[in-house]
Amino acid sequence: SGQPFLQMQGPGKEVPSFICPVRPTEAGEMARLVQNLVSSLAEKCINALEINLYDLSKELLVERGVWERVLAMETNSTKEQFKELLQGMLDPEQHLIPAISKQMESAPFDVLFLTGIGEVFPYIRSHNLLNNLQKAAKTRPSVLFFPGDYSHSLESGASLNLFSRFQDDRYYRAFDISQYEV
């Protein structure tokens, strides 16, 4: 709720994206805490727009009239085929980011919370989502609640480790929210 955070003072000229790493074993508790945080911020007249990526993915598939077909294909496809199907149908650049942008345009908000990244793995990858989100979420801070570890070193850059098991060494232009000072 701090004004330096909401006014994006501090992260330099970077896109105001933050990662909130959560121990995978505490993901359920974090979901409750996010809801409490949204309510607490609202009491301070700060609007948090929470977008659950799993719910958004399902909504997109239902809107496109393919939800039932996708469910039927799950039992008749290999895991790899099914993953590729969902990756194409839920491509961040073509489908997710436009849907997130639409929600951002339709509701006034001060901070964007993205949840559900663990539920959409492996067909939506956090690095792909974050790279594409940079184009759309530039005017307000965004926080990705991430079940796993976020590490940063000068040698290897930043790494998101989903469920503290799957390492993905890619550069992220996001800040660890726990390291951010207001």
Side-chain angles (χ1 to χ4, degrees), residues 15-28 30-31 34-35 48-107 109 111-138 140-151 157-177:
V15 175
S17 297
F18 296 87
I19 304 290
C20 180
V22 178
R23 288 188 198 112
T25 57
E26 297 173 352
M30 181 53 75
V34 168
Q35 293 307 308
L49 173 61
E50 183 203 353
I51 298 176
N52 181 294
L53 297 169
Y54 177 82
D55 293 340
L56 178 62
S57 297
K58 181 181 175 189
E59 288 170 22
L60 289 172
L61 295 173
V62 168
E63 284 175 12
R64 291 169 54 193
V66 296
W67 176 248
E68 295 300 325
R69 190 177 81 189
V70 166
L71 291 179
M73 291 181 77
E74 181 178 18
T75 59
N76 300 321
S77 304
T78 66
K79 288 182 181 183
E80 187 62 30
Q81 290 170 328
F82 191 64
K83 179 182 91 166
E84 288 177 18
L85 171 77
L86 288 175
Q87 283 176 327
M89 291 182 147
L90 296 168
D91 178 75
E93 188 174 5
Q94 293 179 15
H95 301 290
L96 288 176
I97 299 305
I100 291 170
S101 295
K102 185 177 178 183
Q103 287 190 28
M104 289 173 20
E105 291 166 5
S106 66
F109 71 98
V111 59
L112 172 66
F113 290 162
L114 294 169
T115 60
I117 194 69
E119 290 88 338
V120 295
F121 175 82
Y123 54 94
I124 297 173
R125 302 298 298 263
S126 49
H127 73 276
N128 198 1
L129 179 73
L130 288 171
N131 285 336
N132 283 285
L133 187 63
Q134 291 181 88
K135 302 167 192 163
K138 299 188 249 189
R140 301 280 185 275
S142 59
V143 180
L144 174 70
F145 291 88
F146 184 79
D149 305 312
Y150 182 57
S151 59
S159 177
L160 285 169
N161 305 305
L162 188 67
F163 307 128
S164 301
R165 292 182 56 201
F166 302 105
Q167 187 169 8
D168 191 6
D169 288 324
R170 292 205 162 81
Y171 174 72
Y172 296 94
R173 290 184 173 163
F175 300 91
D176 184 337
I177 193 80

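Here, residue 1 is the first one in the sequence, and each next residue gets the next number.
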Partner set under side-chain contact (heavy atoms from CB on, under 4.5 Å) for Gln94, not counting sequence neighbours: Asp91
Test item: Phe145 and Val34 side chains (from C-beta on) under 4.5 Å apart, heavy atoms: yes
Minimum side-chain heavy-atom gap Ile177-Ile19 below 4.5 Å: no
Step-by-step side chain to side chain contact (heavy atoms under 4.5 Å, CB included) determination, Asn132 to Lys135: CA-CA 6 Å; Asn132 283 285; Lys135 302 167 192 163; 3.6 Å; yes
Greater than 12 external heavy atoms within 6.0 Å of Glu26's CD: yes
Heavy-atom side-chain contact between Ile117 and Leu129 under 4.5 Å: yes
Verdict with supporting geometry, Leu114 and Asn52, side chain to side chain contact (heavy atoms under 4.5 Å, CB included): CA-CA 6 Å; Leu114 294 169; Asn52 181 294; over 6 Å; no
Interatomic distance, Ile124 atom CD1 to Tyr54 atom OH [nearest 0.5 angstrom]: 11.0 Å
Residue list, salt bridge (charged side-chain N to carboxylate O under 4.0 Å, His left out) with Glu74, at least two apart or on another chain: none
CA sep, side-chain torsions, deciding dist, call: Leu49, Phe113, side chain to side chain contact (heavy atoms under 4.5 Å, CB included): CA-CA 6 Å; Leu49 173 61; Phe113 290 162; over 6 Å; no
Nearest non-hydrogen partners of Ser57 and Val120, listed with the distance: OG-CG1, 3.9 Å
Under 3.5 Å donor-acceptor, Arg140 side chain and Phe109 backbone: yes
Closest non-hydrogen atom pair between Pro21 and Gly148, with its separation: CB-O, 3.4 Å
Distance-only donor-acceptor check, side chains Glu50 and Thr115, under 3.5 Å: yes
CG-CZ distance between Asn131 and Arg125, expressed to the nearest 0.5 angstrom: 12.0 Å
Closest non-hydrogen atom pair, Met73 against Ser77: O-OG, 2.7 Å
Worked check of side chain to side chain contact (heavy atoms under 4.5 Å, CB included) between Arg64 and His95: CA-CA 11 Å; Arg64 291 169 54 193; His95 301 290; 3.5 Å; yes
Inter-residue atom distance Phe146.CZ - Ser126.OG, 0.5 Å rounding: 4.5 Å
Nearest-0.5 Å distance, OG of residue Ser17 to CG of residue Leu144: 9.0 Å
Spacing of CG belonging to Asp55 relative to CG belonging to Leu60, to within rounding of 0.5 Å: 11.0 Å
Nearest-0.5 Å distance that lies between atom CE in Met30 and atom SG in Cys20: 4.5 Å
Leu61 and its side chain to side chain contact (heavy atoms under 4.5 Å, CB included) partner, picked from Met89, Arg69, Glu68: Met89
Heavy-atom side-chain proximity of Ser142 to Leu133 below 4.5 angstrom: yes
Hey, can you pull the donor-acceptor pairs under 3.5 Å for the side chains in residues 96-104, sequence neighbours left out?
| from | atom 1 | to | atom 2 | distance (Å) |
| --- | --- | --- | --- | --- |
| Ser101 | OG | Ile97 | O | 2.9 |

